[in-house]
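Just so it is clear: chains get the letters A, B, ... in the order the sequence lines come, proteins before strands, and each one is counted from 1.
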Number of protein chains: 4
Amino acid sequence: MKWKTKISFDKDGEHYIRGKSLIGLIEKYSFVWALFLVILGQEPSDKEEKLMNAILVSAIDHGISTPSAYVPRIVISSGNDVNAAIASGALAVGERHGGAIEKAMRMFKNEKDASSVVSEALSKNEILPGFGHKIYKEKDPRAQALLKKAKDLGFDLIFADKAVKIEEEIRKQKGKKLPLNIDGAIAVLLCEMGFDSKTGKAFFILARMPSMIANIIEEMNEEKTYRRLNEEDVEYGG
Amino acid sequence: MKWKTKISFDKDGEHYIRGKSLIGLIEKYSFVWALFLVILGQEPSDKEEKLMNAILVSAIDHGISTPSAYVPRIVISSGNDVNAAIASGALAVGERHGGAIEKAMRMFKNEKDASSVVSEALSKNEILPGFGHKIYKEKDPRAQALLKKAKDLGFDLIFADKAVKIEEEIRKQKGKKLPLNIDGAIAVLLCEMGFDSKTGKAFFILARMPSMIANIIEEMNEEKTYRRLNEEDVEYGG
Amino acid sequence: MKWKTKISFDKDGEHYIRGKSLIGLIEKYSFVWALFLVILGQEPSDKEEKLMNAILVSAIDHGISTPSAYVPRIVISSGNDVNAAIASGALAVGERHGGAIEKAMRMFKNEKDASSVVSEALSKNEILPGFGHKIYKEKDPRAQALLKKAKDLGFDLIFADKAVKIEEEIRKQKGKKLPLNIDGAIAVLLCEMGFDSKTGKAFFILARMPSMIANIIEEMNEEKTYRRLNEEDVEYGG
Amino acid sequence: MKWKTKISFDKDGEHYIRGKSLIGLIEKYSFVWALFLVILGQEPSDKEEKLMNAILVSAIDHGISTPSAYVPRIVISSGNDVNAAIASGALAVGERHGGAIEKAMRMFKNEKDASSVVSEALSKNEILPGFGHKIYKEKDPRAQALLKKAKDLGFDLIFADKAVKIEEEIRKQKGKKLPLNIDGAIAVLLCEMGFDSKTGKAFFILARMPSMIANIIEEMNEEKTYRRLNEEDVEYGG
């Protein structure tokens, strides 16, 4: 079987990523800078590097209650290796956990105007990905912080305009405010920087890795026994 | 079942990580800075942030030939979601692929002196993790670049001394030079910054995420059919 | 968090599955018999037990070339535990590898008639799941063997009639014979026995487990080094 | 890269497993019969087929409380495909959940006598895998049912003798009865039939597949929202 790639190659004992020597990258660049090179094949501008940092920090941890945080703890507690626990964390991400970013990216890149996007979703009784939040009824402060960062850095924010229009249409057509949430803001900004919609869940997992690692280490160091449910957690209804 | 944690909590609709507001982190800090806070519960110094960047860049991609790069391509080609493909990449990491970092960390933190460490390993016919390379017989330039970075940044490098001693003992006892390799150098520097040996594979996977993402996207965009082996790849010997 | 279930419970130190004592099941029934009880909550008839055996045997192994067989070998070769290797085999299954069973089940259970099912698929340029095979242009002998088994056992085969009609419509509308293949035949028979379409991939993985196990053990016992691609497998095109 | 195998091959459009035509297997044999052929390369005797059925039934489900049952429910609830959920179930198995079978197999195959096996384990403060149970202080009825089945079928039970001796030594050296449990009995019987210790976790996962499937389907059909922990499940202690 043939494996074709444009990402990297070895020559004379040196490794080159998108044509650049790995040694040179180690000396000069940050991890986030190099991430653009690896994924997009392009060097980021200074403001892109900064914005990506803000995006990744915004999703770095949302507490032990999210499946991507507590599932790796279960798997490590059963007696597995750290890489298996991280794999289970990636599997715990899904359409309803981190998946809104990808779906919102597709919606923002969709050529239809905001009005049709919203009316079509409402007619099919579908959720509008990237909008609405249990607690934040008016504004999601994390989304605001991200967008402010992007504005301060001087981004054009073409996709943010589309998001604003969709938010307005939701209010009009649904008669209720559903503010752009953190997933929606991340989606807007990944679109601005030219990323493929397919990277949505991937960036979410990358951002969440420090939280997975912290949870795995905490479980290994602080908990003794393996994670079976207790009797009071279970309700038999057969 | 109870889930205890010291990592983060929510209060009045805001998320706090190790006591710090997430909004504040988004505004002020880089992803790598925040990674220290999440995992160690401590703010990194400027030089620690820079060194971690160098470590993560050094492991960001080693080509399509490594299992963590080509396995996710197979899984995405079978028709799976991106998070499942990333999970398979984490599973493709193991004792022989990325695992040397953790083992070298344990060896460097081991209280035994270099001479005993080497003689015990040789007597059990065990490999010395973090030493030796197929191509680099004298020096691994990536390891050198990482250690130089650490020196330039002003690190004390207590564990690097141990590594030098082990290298010398290998030469003495085995009669052959096995230079500190990239895994060994990463292990030395993670030890210097106070990380738990258990994080070895985890940092490897985190660093390798951009490569996994690039490979998954390239496979989705450039390849049409699913990855079955060809007849000429297989040798039946029953 | 509450976990409700109708599957099983413990009482006075004994385990009951769908109301039956596990000890009694061990004494009296086969694994395939018990599988019906666990999944459907019903005891199978003798002919259902026999048909399920034929289905599972038909998918038990299709060679080392399929991703679910060779991916677990890569993962075990990197130095992982057997359960991680099996997990990677489950991840290597997907829409294009085992996924046709679920899709064909949905199609056979769809209330639309054969003519509309085929014309709609052709108009959207979609593949008809469960039909066609690279080598078997007229008849897939494995599908034939399965259907013959079902007839000999005395099944009514309502869904098989639908499959025959779809095969005829494909010939009419596409001007080309695409015979019911093994995935299609399995789908027909799972429908006949009342299984949910969602179980399609699950039965495929269950059936394929002995092959995964055999491949993992063979890799551990016969191969020495970890599975990196060779230089001649890779083509750099950057 | 070369892939060598003795398991199966294709010839003239037919698939042969360990030299036998797949079509013939579909017609004549049960799944459990075929499992021996695939994994061991040998046809089972009638009593071996029956004993394997009893083993697999004995581990088919132990309730929703075990990680391999409830973790797949979390992963499916996050919005993932069934194969990803099954993969997470395999990852939830580990040293402390299903792992005792493999360890007990190694112990029973170990050439040391029962007295040394027990004294060495006790001196290292290690658990004796396959012995002891929270509830069953005198006898584990599931282990008894399995061993009785083996005796009734006419097995020699060489490894069961070793297990009895280890049980006696535990009572002598530890002053406390730890009866052979279900994991231990499965281990004994897999040893009797010539399986590699490495298959321990694999048979556990295979046996548990119907329970995983039932749990995944129940979650999809009965539960609406995704599985975040509730506030009362979490205790912040930072």
* Asked: What residue among A:Leu37, A:Leu22, A:Ile7 forms side chain to side chain contact (heavy atoms under 4.5 Å, CB included) with B:Asp61?
  -> A:Ile7

* **Any side-chain heavy-atom pair of A:Val82 and B:Ile205 under 4.5 Å** => no

* Taking the side chain as C-beta and beyond, is there a heavy-atom pair between A:Ile17 and B:Ile60 under 4.5 Å? -> yes

* Structure fact -> Checked B:Ile55, B:Asp81, B:Leu40 vs chain A; the most non-hydrogen pairs under 4.5 Å come from B:Asp81

* Anything under 30° is parallel, anything over 60° is perpendicular, the rest tilted; go ahead and classify B:His15 against A:His62. => perpendicular

* Asked: To the nearest 0.5 Å, how far apart are CD in A:Glu95 and CG in B:Asn83?
  -> 8.0 Å

* Asked: Are side-chain heavy atoms of B:Pro210 and A:Phe36 found at a separation under 4.5 Å?
  -> no

* Among A:Val93, A:Thr199, A:Leu25, residue most engaged with chain B (heavy-atom pairs, under 4.5 Å) -> A:Val93

* **Value rounded to 0.5 Å, distance of CD1 in B:Ile23 from CZ in A:Arg142** => 7.0 Å

* What's the verdict on side chain to side chain contact (heavy atoms under 4.5 Å, CB included) for B:Arg73 and A:Thr5, showing C-alpha distance, side-chain angles and the deciding distance? -> CA-CA 11 Å; B:Arg73 298 182 77 125; A:Thr5 187; 4.1 Å; yes

* To the nearest 0.5 angstrom, please state how far the CD atom of B:Glu218 sits from the CD1 atom of A:Ile39. => 12.5 Å

* Structure fact -> To the nearest 0.5 Å, atom CG of B:Asn230 lies from atom NZ of A:Lys2 at 11.0 Å

